[in-house]
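Below is one structure; the comments refer to it alone.
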Amino acid sequence: MDIRNIAIIAHVDHGKTTLVDELLKQSEKKNAHEAIQERAMDSNDIERERGITILAKNTAIEYKGVRINILDTPGHADFGGEVERIMKMVDAVVLVVDAYEGSMPQTRFVLKKALESGLKPIVVINKIDRAFARPTEAVNEVFDLFIELEANEAQLDFPIIYASGIKGLASYNKEFDDAVDMKPLLDTIIEYVPAPGQDVQASLQFQPALLDYNEYVGRIGIGKIIRGTIKMNQMVSCVRLDGTIKQFRVQKLFSYIGLDRIEVAEAYAGDIVAIAGLPDIYVGETVCEIGQEEALPILHIDEPTVQMTF
Ligand code: GDP
């Protein structure tokens, strides 16, 4: 399946959550999402009753037959290089900027990380419906920020979408009189964001970039399948940070649909998945096929923090 992996970045309150919710509502998977959510409730009702939500920060939508993985980024201080690690999993970012407030400190912080990672941004000038929205100034501020942060030419050539997340509207024009839905943003994502490498024939490489925890399955590694395929119940090797190898069985393999993680039997290169089975799996290790162990470069992590969501 055709895939796009993006991160959504913004200053706090500029409308990330509302915008992603709206994309979800307007994507083709809406009905399937609801059906799957019900099914997931059946198998995981204890977990849900106890209020344990895991992997809630990832969203996947389907639009024009393309699967779009949307990774949220922390709207606060970056713990342990989490933003950088998210940037490594995606092929572009959507930078959301409030049309009234313009560029703010967090806008600068997250954009800097995205540009340093070599990613091309799509700029969304959001909340166009606000009474004193000033889209032209907001675009100019964003452009100045790109210059200040030494964006390269390709990055500077960013597409701009004007949007009102709350109304579910987007347009290529700041006049906004042609806005009827979010399709201009969805189309821009499909057309502008490069597809990830999808070498499914090669031998497996998967690298957890984020960790999560669930009391039933233990530690969960979230990351991108760099190449190959991974199957539920497969015996695999993990190349540890110290270079040793530990074999384990993939006990759970999760993909994303809507806001939910769902168990899948198999997943392919390019996709972002979560796996359980190695109780002490760690950020930056590499999961490979047995006998074909080849470590990926270790990911940057500032401190040995484990991101846990209970
Ligand atoms: P986040 O912190 O970036 O995830 O922002 P939220 O999506 O939670 O939105 C922050 C606030 O802005 C909330 O009160 C939203 O209702 C409001 N908001 C979000 N999108 C829009 C929009 O398009 N127009 C207006 N006027 N308000 C919005």
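Atoms within a ligand are numbered from 1 in the order they appear, just like the ligands themselves. For clarity, every value in this text was computed on a predicted model and none was experimentally measured.
Atom 23 (O) of ligand 1 has Gly165 N, 3.0 Å as its closest protein atom, hydrogens excluded (heavy atom only). The nearest protein atom to atom 11 (C) of ligand 1, hydrogens excluded, is given as Lys127 NZ, 3.9 Å; this is a heavy-atom distance. For atom 4 (O) of ligand 1, the closest non-hydrogen atom of the protein is Thr17 OG1, 2.4 Å. Residue, atom and distance of the protein heavy atom nearest to atom 26 (N) of ligand 1 are Asp129 OD2, 2.8 Å.
In Glu150, the CD atom is not crowded: 12 or fewer heavy atoms of neighbouring residues, nucleotides or ligands sit closer than 6.0 Å. Crowding of Phe248 atom CZ: a count of heavy atoms from other residues, nucleotides or ligands under 6.0 Å exceeding 12.
By the salt bridge (Lys or Arg N to Asp or Glu O under 4.0 Å) test, Asp129 pairs with no residue at all, sequence neighbours left out. Taking Asn173 as the reference, Ser171, Glu175, Asp178 meet the side-chain contact (heavy atoms from CB on, under 4.5 Å) condition, with sequence neighbours excluded.
Contacts with ligand 1 closer than 4.0 Å are made by no heavy atom of Ala10, backbone or side chain. Proximity of Arg130 to ligand 1, defined as any heavy-atom pair under 4.0 Å, is confined to the side chain (atoms from C-beta onward). At a heavy-atom cutoff of 4.0 Å, ligand 1 is contacted by both the backbone and the side chain of Ile166.
Compare Asp13, Ile128, Ile9 by their heavy atoms: the one nearest to atom 10 (C) of ligand 1 is in Asp13. Of the options Lys16, Gln106, Glu22, the smallest heavy-atom separation from atom 1 (P) of ligand 1 is shown by Lys16.
Ion pairing between a basic and an acidic side chain is recognised when a charged N comes within 4.0 Å of a carboxylate O; Asp98 and Arg130 show such pairing.
Partner of Ile9 under the side chain to side chain contact (heavy atoms under 4.5 Å, CB included) criterion, chosen from Val96, Thr107, Thr73: Thr73. For the salt bridge (Lys or Arg N to Asp or Glu O under 4.0 Å) criterion with Asp271, the lone passing option out of Arg227, Lys224, Arg67, Arg4 is Arg67.
Considering backbone and side-chain atoms alike, Thr18 places an N or O below 3.5 Å from some N or O of ligand 1.
Looking at heavy atoms from C-beta onward, Leu211 lies in side-chain contact with Val283 at the 4.5 angstrom threshold.
Within a 4.0 Å radius of atom 14 (O) of ligand 1, the protein contributes no non-hydrogen atoms.
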